[in-house]
2 protein chains.
Amino acid sequence: MLFRVDPTSTVPLFDQLAASVRTELARGTLRAGERLPSAREVAAALDINIHTVLKAYQELRDEGLIDLRRGRGAVVTESAGLPPELLAAVRALVVEARRGEVGVTTLTALIREEYSA
Amino acid sequence: MLFRVDPTSTVPLFDQLAASVRTELARGTLRAGERLPSAREVAAALDINIHTVLKAYQELRDEGLIDLRRGRGAVVTESAGLPPELLAAVRALVVEARRGEVGVTTLTALIREEYSA
DNA sequence: ACCTATTTGTCCGTATGTATG
DNA sequence: CCATACATACGGACAAATAGG
């Protein structure tokens, strides 16, 4: 098993697991389009509950790193090929947010609201 | 009880509950600094599981609408007084994202990344 | 300084639903 | 039709932070 968790740590298991997946993504062991082991497999291998694994996977999904779908599993998304204008707009927005002392959670909430409008 | 859910709906209970809280926030029934009823209370009143309520509360916390802390409960944050420049930057960003066919999860992930940098 | 009750956080277990292949 | 896999919901248990006496 690629991933590791330390049950004696004070860091929540699902956070440890999510961090472990992020590491593998960063080092390129896991690449875009590849499929992560099913939650049940990971749970069995690490001897933790399937819900704990699912919570870690959902955290990664919320970050846009993986795509979760029923019956299909967890697939690494390709966050590549992003338009440079978008990245510029992101930087400008964050500058504005910092100036207004607006937190990241509020900011992303605003984004979601505007996006669904 | 202020909040309502419909168990026969296909919409998840925790989403219904979170939406119900958002409505009360929007109409001003709940205001900044006020405390939401404890998860246990809500669960008992609506006859749903406490975990379902907690999940709804955590969803609201992720949106920056409430502040959750152990032993203290759920308190409405003050997300008022947002600078109009920020709102303009948000709209500009979302336009750019739509043009590039960038999903909302990817977008918020980019925001978080830039914000923590 | 201590104790107790309250409240959210985490984790495990189980069951059922739903989409995919 | 069937197996797989995530989604939701319920139940129980203990830990940790907070508030108040």
Side-chain angles (χ1 to χ4, degrees), chain A residues 1-21 30 33-77 105 112, chain B residues 1-21 25 30 33-77 103-105:
Chain A
M1 172 57 53
L2 271 168
F3 316 129
R4 277 174 296 277
V5 291
D6 173 16
T8 71
S9 167
T10 63
V11 177
L13 292 175
F14 68 88
D15 269 337
Q16 289 184 51
L17 180 54
S20 185
V21 176
L30 284 171
E34 286 188 353
R35 189 178 167 281
L36 269 61
S38 78
R40 196 176 306 170
E41 280 181 88
V42 176
L46 299 181
D47 196 30
I48 59 180
N49 195 273
I50 187 175
H51 292 311
T52 307
V53 181
L54 284 173
K55 185 159 186 175
Y57 276 16
Q58 284 162 6
E59 184 173 310
L60 294 167
R61 178 198 53 190
D62 291 345
E63 292 170 1
L65 294 179
I66 63 175
D67 186 46
L68 278 183
R69 272 160 62 189
R70 290 172 177 162
R72 193 163 148 279
V75 179
V76 179
T77 61
T105 52
R112 272 190 296 270
Chain B
M1 173 57 54
L2 272 168
F3 316 129
R4 276 174 295 278
V5 292
D6 173 16
T8 71
S9 167
T10 62
V11 177
L13 290 175
F14 69 89
D15 268 337
Q16 288 184 51
L17 179 54
S20 185
V21 176
L25 288 171
L30 286 170
E34 286 187 354
R35 190 177 166 281
L36 269 61
S38 80
R40 197 175 307 168
E41 280 181 87
V42 176
L46 300 182
D47 195 30
I48 58 180
N49 196 272
I50 186 176
H51 292 123
T52 306
V53 181
L54 285 173
K55 182 156 188 177
Y57 276 16
Q58 285 162 3
E59 183 173 308
L60 294 166
R61 178 198 55 191
D62 290 345
E63 293 170 1
L65 294 180
I66 64 175
D67 187 46
L68 278 183
R69 270 160 65 189
R70 287 175 179 165
R72 193 165 150 281
V75 178
V76 179
T77 60
V104 67
T105 53

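Letters go in sequence order (proteins before strands), and every chain restarts at 1. The analysis underlying the following values was restricted to heavy atoms, covering all of them including side chains, and did not include hydrogens, waters or symmetry mates.
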According to side-chain contact (heavy atoms from CB on, under 4.5 Å), who are the partners of [X], at least two apart in sequence or on a separate chain?
X: A:Ala74; value: A:Leu36, A:Tyr57, A:Ile66, A:Leu68
X: A:Ser20; value: A:Phe3
X: A:Thr8; value: A:Asp6
X: A:Arg70; value: none

Given B:Phe14, which of B:Ile48, B:Thr52, B:Val5 fulfils the side-chain contact (heavy atoms from CB on, under 4.5 Å) condition?
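For B:Phe14, the side-chain contact (heavy atoms from CB on, under 4.5 Å) test succeeds with only one of B:Ile48, B:Thr52, B:Val5, which is B:Thr52.
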Can you tell me which residue among B:Leu17, B:Ile50, B:Val21 is in a side-chain contact (heavy atoms from CB on, under 4.5 Å) with B:Val42?
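Result for side-chain contact (heavy atoms from CB on, under 4.5 Å) with B:Val42: B:Leu17.
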Any N/O pairs under 3.5 Å between the protein and nucleotides 17-21 of chain C? List them or say none.
{"unit_1": "C:dT18", "atom_1": "O3'", "unit_2": "A:Arg70", "atom_2": "NH1", "d": "3.4"}
{"unit_1": "C:dT20", "atom_1": "O4'", "unit_2": "A:Arg70", "atom_2": "O", "d": "3.1"}

With sequence neighbours excluded, tell me which residues meet side-chain hydrogen bond (donor to acceptor under 3.5 Å, both in side chains) with B:His51.
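For B:His51 the side-chain hydrogen bond (donor to acceptor under 3.5 Å, both in side chains) partners, ignoring immediate neighbours, are B:Asn49.
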Listed partners of B:Asp15 passing salt bridge (charged side-chain N to carboxylate O under 4.0 Å, His left out), at least two apart:
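B:Asp15 satisfies salt bridge (charged side-chain N to carboxylate O under 4.0 Å, His left out) with no other residue.
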Set of salt bridge (charged side-chain N to carboxylate O under 4.0 Å, His left out) partners for A:Arg69, sequence neighbours left out
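Applying salt bridge (charged side-chain N to carboxylate O under 4.0 Å, His left out) to A:Arg69 gives none.
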Taking atom C1' of C:dT8 as reference, at what distance in whole Å does atom CG of B:Leu60 sit?
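These atoms are roughly 14 Å apart.
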Measure NZ/A:Lys55 against P/C:dC12 and give the value in whole Å, please.
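In whole Å, C:dC12 P and A:Lys55 NZ are 12 Å from each other.
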Name the first nucleotide and the last nucleotide along DNA chain D (5' to 3') that come under 4.0 Å of a heavy atom in chain A.
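With heavy atoms of chain A under 4.0 Å away, the range is D:dT4 to D:dA9.
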Could you give all pairs that pass the salt bridge (charged side-chain N to carboxylate O under 4.0 Å, His left out) test and reach residues 42-59 of chain B, with sequence neighbours left out?
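Residue pairs passing salt bridge (charged side-chain N to carboxylate O under 4.0 Å, His left out), neighbours aside: B:Arg22-B:Glu59.
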With a 4.0 Å cutoff (strictly under), does any side-chain N or O of B:Gln58 reach OP1 or OP2 of C:dG9?
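Checking C:dG9 against B:Gln58, a side-chain N or O does come within under 4.0 Å of OP1 or OP2.
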Rounded to the nearest 0.5 Å, what separates atom CG in A:Asp67 from atom CG in A:Leu60?
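The CG atom of A:Leu60 is 12.0 Å from CG of A:Asp67, to the nearest 0.5 Å.
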Value rounded to 0.5 Å, distance of CG in A:Leu54 from OG in A:Ser38:
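With rounding to 0.5 Å, CG (A:Leu54) is 9.5 Å from OG (A:Ser38).
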Where along residues 34-52 of chain B does a heavy atom fall under 4.0 Å from DNA chain D?
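Correct list: B:Ile48, B:Asn49, B:His51, B:Thr52.
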Taking B:Gln16's backbone N and O only, do any of them form a donor-acceptor pair with B:Arg4's side chain (distance below 3.5 Å, no angle check)?
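Side chain of B:Arg4 to backbone of B:Gln16, a donor-acceptor pair under 3.5 Å: no, none is there.
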Give the residues of residues 12-19 of chain A touching DNA chain C, defined as any heavy atom closer than 4.0 Å, sorted by residue number.
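Nucleic-acid contacts, sorted: A:Pro12, A:Leu13, A:Phe14.
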